[in-house]
Amino acid sequence: MPELPEVETTRQGIAPHITGKLVNQVVIRHHGLRWPIDPALPNILQRKKLLDIDRRGKYLLLQFTHGHLLIHLGMSGSLRIVNPKKESPQKHDHVDIIFTNNIALRFHDPRRFGSILWTTSPPEEHALLCKLGPEPLSDAFNSEYLFTKSRKRKKDVKTFIMDSHIVVGVGNIYANESLFTAGIRPTKMASKLTRKQCEQWVNDIKAVLQRSITQGGTTLRDFVGGDGKPGYFAQQLNVYGRGGQPCVVCKTLLKEIRQAQRATTYCTRCQK
DNA sequence: CAAGACTCCTGTCAGC
DNA sequence: TGCTGACAGGAGTCTT
């Protein structure tokens, strides 16, 4: 499932191939994503130049001369660069944005939780983006911010940190992993976090995300041809998906629970 | 306003 | 072996 590192690596992987190129054709094979794709999109993008690709949270922002295309990969989405004449679309290849040099950006999404939205207003003003919290790797996300935001919050820390209005891009995997590294129990109330814990946790969140992005950078070739799946998901995970297995530090069997309908795994001994 | 439930979807897997 | 049902999960929206 694409988390922030995967989205950022996707951005870096596709940008060199299509930035500055003109759109020649848009092929939509399936409109039914999270929200329906605007049927006018092919006309909107026809002969328009892609100026830049940016990212906000897990949204990719494709800047054209007259507006932005917002792409979210949802749970199972991926983007890759293909030659549309040589690589025929496979199942779940819902959209091709074909540029004049016969290079296509191909959107693949089996579960169709992703979205492709056109907007002519500044992207930061878009309803989906304007209320988002800071980027986790920015200076705005610091221990003071986290401490302040967590006061009076009657919510467990894990659910709290996964709220994109607090901070963007910390999905289930990184919430679990960073809590383990920081030694914080996922069920702890957000309001009970100490300043010291906030400082530790912020550092650990940044570290785990940064490490994944760096690792992803070594597999950029995967975005051209192939299956479009970045190969770096296989980073070492300390707790995520390891319920019932021994803690890598103390060998205590990891406990698995559910919080807000999501799997949480933690060590009852290492995480207080 | 905050918190929790519900929802979209399909591949995967356990159980029979 | 094949069918059925549970489950995973980002994040917007609805309900309480």
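Residue numbers start from 1 in every chain, and the chains themselves are labelled A, B, ... in the order their sequence lines are given, proteins ahead of strands. Just so we're clear, the structure is a prediction, and the values are computed from it rather than from any experiment.
A/Ala260 comes within contact range of no nucleotide atom at all, as no heavy-atom separation falls under 4.0 Å. Among the heavy atoms of the strands lying under 4.0 Å from A/Tyr59 are primed sugar atoms or P, OP1, OP2 only; no base atom is included. Across all strands shown, A/Lys131 has no heavy atoms under 4.0 Å from either base or sugar-phosphate atoms. Contacts of A/Leu128 with the nucleic acid, taken as non-hydrogen atoms under 4.0 Å apart, involve only primed sugar atoms and P, OP1 or OP2. Residue-level contact check: A/Arg34 touches the bases, meaning some heavy atom is under 4.0 Å from a base atom.
Residue A/Lys91 places no side-chain N or O under 4.0 Å from the OP1 or OP2 atom of B/dT10. Within the structure, every side-chain polar atom (N or O) of A/Tyr240 is placed at least 4.0 Å from both OP1 and OP2 of C/dA8. Between A/Arg258 and C/dC7 there is no side-chain N or O to OP1 or OP2 distance below 4.0 Å. Phosphate contact (OP1/OP2 of C/dA8, side-chain N/O of A/Gln261, threshold under 4.0 Å): absent.
Comparing atom distances between the A/His92 side chain and each of C/dG9, B/dA3, B/dG11 picks out B/dG11 as nearest. Picking from B/dT10, C/dG9, C/dA8 the nucleotide with the shortest atom distance to the side chain of A/Asn172 gives C/dG9. Set against B/dA2, C/dG12, C/dA8, the side chain of A/Arg111 has C/dA8 as its closest nucleotide. Closest contact between the side chain of A/Lys58 and the listed nucleotides B/dT10, B/dA3, C/dG10 involves C/dG10.
To the nearest angstrom, P of C/dG10 lies 13 Å from CD of A/Gln259. Atom CE of A/Met75 and atom P of C/dG12 are 15 Å apart (whole Å). In this structure, the CD1 atom of A/Ile173 is 11 Å from the C1' atom of C/dA8, given to the nearest Å. One atom, CG of A/Leu70, and another, C1' of C/dG10, lie 16 Å apart when rounded to the nearest Å. As a whole-Å value, the separation of A/His108 NE2 from B/dT10 C1' is 11 Å. In this structure, CD1 of A/Ile116 is placed 16 Å from P of C/dA11, rounded to the nearest angstrom. Summarising the geometry, the separation between CD on A/Glu3 and P on C/dG10 is reported as 6 Å, rounded to the nearest angstrom. B/dT10 atom C1' lies 11 Å from atom NE2 of A/His30, rounded to whole Å.
Residue whose closest nucleotide on DNA chain B sits further toward the 5' end, between A/Pro110 and A/Asp156: A/Asp156.
A/Glu135 and A/Val168 get closest at one heavy-atom pair: OE2-CG2, 3.6 Å. Closest approach of A/Pro134 and A/Ile166 over heavy atoms only: CD-O, 3.2 Å.
Comment: A/Glu199 does not engage A/Lys196 in a salt bridge, judged by the lack of any side-chain N to carboxylate O separation of less than 4.0 angstrom. Using a 4.0 Å cut-off between charged nitrogen and carboxylate oxygen, A/Glu6 and A/Lys58 do not count as a salt-bridge pair.
Both geometric conditions, a ring-centre gap below 5.5 Å and a plane tilt below 30°, are not fulfilled together for A/Phe113 over the base of B/dC9.
Between A/Trp118 and A/His126, the ring centre distance reaches or exceeds 6.0 Å.
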N/O donor-acceptor pairs under 3.5 Å from side chains in residues 176-185 of chain A, not counting sequence neighbours:
from: A/Asn176; atom 1: OD1; to: A/Thr265; atom 2: N; distance (Å): 3.0
from: A/Asn176; atom 1: ND2; to: A/Asn172; atom 2: O; distance (Å): 2.9
from: A/Asn176; atom 1: ND2; to: A/Asn172; atom 2: OD1; distance (Å): 3.4
from: A/Asn176; atom 1: ND2; to: A/Ala263; atom 2: O; distance (Å): 3.4
from: A/Glu177; atom 1: OE1; to: A/Asn238; atom 2: N; distance (Å): 2.8
from: A/Glu177; atom 1: OE2; to: A/Asn238; atom 2: N; distance (Å): 3.3
from: A/Glu177; atom 1: OE2; to: A/Val239; atom 2: N; distance (Å): 2.9
from: A/Glu177; atom 1: OE2; to: A/Tyr240; atom 2: N; distance (Å): 2.8
from: A/Ser178; atom 1: OG; to: A/Tyr174; atom 2: O; distance (Å): 2.7
from: A/Ser178; atom 1: OG; to: A/Ala175; atom 2: O; distance (Å): 3.3
from: A/Ser178; atom 1: OG; to: A/Trp201; atom 2: NE1; distance (Å): 3.0
from: A/Thr181; atom 1: OG1; to: A/Glu177; atom 2: O; distance (Å): 2.9
from: A/Arg185; atom 1: NE; to: A/Gln271; atom 2: O; distance (Å): 2.8
from: A/Arg185; atom 1: NH2; to: A/Thr268; atom 2: O; distance (Å): 2.5
from: A/Arg185; atom 1: NH2; to: A/Gln271; atom 2: O; distance (Å): 3.1

